[in-house]
Amino acid sequence: MRASTTLAVAGVLASGVSAENYLGFNSGNTLADRSAKFKADWLAEFNTAQKLVNAPGKFNAVRLYTNIQAYSKDDPIQAFEAAIETKTKILLGVWASGTDNIDNELSALKKAITKYGKDFTDLVIGMSIGSEDLYRNSETGVKNEAGIGADPDVLLKFINDYKKSVSGTALSSVPIGHVDTWDVYVNGTNKKVIDALDWVGVDEYPYYETGKGNNIKNSGQLFDRAFDAVKAAVGSKPVWVTETGWPSSGPTWDEAEASVENAKYYWNEIGCRKLFNKVPTFWYNLRDSNPDNKMKFQITSNLSTKPLFDLTCPTTFETPSNGGKTSSASATGVPTATRSGSGSGSTATSSPSTDGNSTSGSNGGSSSGDDNVVEGSGAALGVSFSTFAISGLAVVAGVFALF
Ligand SMILES: *[C@@H]1O[C@H](CO)[C@@H](O)[C@H](O)[C@H]1NC(C)=O
Ligand SMILES: *[C@@H]1O[C@H](CO)[C@@H](O)[C@H](O)[C@H]1NC(C)=O
Ligand SMILES: *[C@@H]1O[C@H](CO)[C@@H](O)[C@H](O)[C@H]1NC(C)=O
């Protein structure tokens, strides 16, 4: 009895990585003027995030895209120090596209473990190896010139490299995930990546669903269908929503209108109804640092704790349930257009940091070419994006083509 109780508890713990439904935002490592963020910039973000007026919980988690401080080869990103000072939980990210190794990422991480010890490691809630790498190498990503991605075997190698690197450290028990677009997870070729993970991160943007009736009133149903398809594809593994949001300003996209009013509707119908305190969630975004995307996903324009709209959650919702219909994870079809902001291809290296300031990396990649790649992909959507580094925005258009 005792033994079985112990086992049961152990089982709960082992599978319990989503037991806490984190609330956070995404944070790239550059500002809207393409300069690097430093500690003070992250302090300002984290302090505001935790004090947002009428928030449905404490936004005290952050998703990062890299361990590397911009303008450095492998110095730990200064977000770590800001997180320690504000007790902000950290979903770590390793940039995994356009490189044959993640040595600089791992070096920066090990330096942080040595330098900050438990103050740092106690805050780490997860590690994502890669961001939208499989999407960029998918048929759709290639068609849309989304930039350089990584294949499943490369991600598997990086996952193992990471495990070896943190073995024997406090991070060895931190759950490992990967972040990608939903359609990636229903593609059977990628199953071996899912199998290697403790949790699965999905980025979802109903706003960009051209041809799918993507007006704001349908955003809840579009979101749910993709989310359910991912859940069906990954089985019992926890699904974390690593990016989602609706622009508060910017041009209209098919039927989708960017406005503060619609951003508020999306907050209610996707955030309040479906995610907050139910699923680990990293909203896109507290502030928008992408100068090349006309759509601004920010909920504050100036890091004021009083956001552009009232964050209070309603008690009733408009989104109809899917009525038992679940989309088939085995459906085939090619999402039409997508692009992944992660493009930080910038640097095609381990550091999604450099926007026009080629500083990073192991590969000595220059960032300018990568900017072009990413802008090309944006252009495929009729929009000019720039690098991932800035924002990490993942624009997933047409990703609902399956439905
Ligand atoms: C590029 O990096 C250097 C440090 O290596 C920094 O001094 C400079 O301000 C950066 N340039 C831009 C445009 O951010
Ligand atoms: C399925 O995944 C593999 C490996 O990531 C990729 O090469 C392939 O293009 C994907 N299929 C489609 C239809 O995108
Ligand atoms: C920040 O922006 C909000 C909304 O646009 C505005 O009401 C407020 O005055 C601004 N605060 C500061 C300090 O500029």
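Remember, it's 1-based here, ligands and their atoms both numbered in the order they're listed.
By the 6.0 Å contact criterion, CD on Glu261 is open, its count of non-hydrogen atoms from other residues, nucleotides or ligands being 12 or less. Counting non-hydrogen atoms of other residues, nucleotides and ligands closer than 6.0 Å to NZ of Lys264 gives a total above 12.
Heavy-atom proximity to Ser138, at under 4.0 Å, picks out these atoms of ligand 2: 9 (O), 14 (O). Listed by number with element, the atoms of ligand 2 under 4.0 angstrom from any heavy atom of Pro152 are 4 (C), 5 (O). With ligand atoms numbered from 1 in the order given, ligand 2 contributes 9 (O), 12 (C), 13 (C), 14 (O) to contacts under 4.0 Å with heavy atoms of Glu139.
When all heavy atoms are compared, the tightest approach of Gly211 to Asp254 is N-OD2, 2.5 Å.
The single protein non-hydrogen atom nearest to atom 4 (C) of ligand 3 is Leu308 CD2, 4.2 Å, given as residue, atom name and distance. Looking at atom 5 (O) of ligand 3, its nearest protein heavy atom turns out to be Ser301 OG, 3.7 Å. Ranking protein heavy atoms by distance to atom 12 (C) of ligand 3, first place goes to Asn302 ND2, 3.2 Å.
Considering Asp183, Asn187, Val193 only, the shortest heavy-atom separation from atom 6 (C) of ligand 2 involves Asn187.
A perpendicular orientation is assigned to the rings of Trp253 and Tyr208, their planes being inclined by more than 60° (bins at 30° and 60°).
Between Phe25 and Phe59, the ring center distance clears the sub-6.0 Å criterion.
Within a 4.0 Å radius of atom 14 (O) of ligand 3, the protein has at least one heavy atom. Under the 4.0 Å distance rule, the nearest protein heavy atom to atom 2 (O) of ligand 3 falls inside the cut-off.
Taking the centre and axis of the six-membered ring of Tyr65, the NZ or CZ atom of Arg63 falls inside the cone set by 45° and 6.0 Å.
Contact between Asn190 and ligand 2 is present, with at least one heavy atom of the residue lying under 4.0 Å from the ligand.
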Residues Glu255, Lys212; criterion salt bridge (charged side-chain N to carboxylate O under 4.0 Å, His left out); working and verdict: CA-CA 9 Å; Glu255 294 180 29; Lys212 300 295 173 297; over 6 Å; no
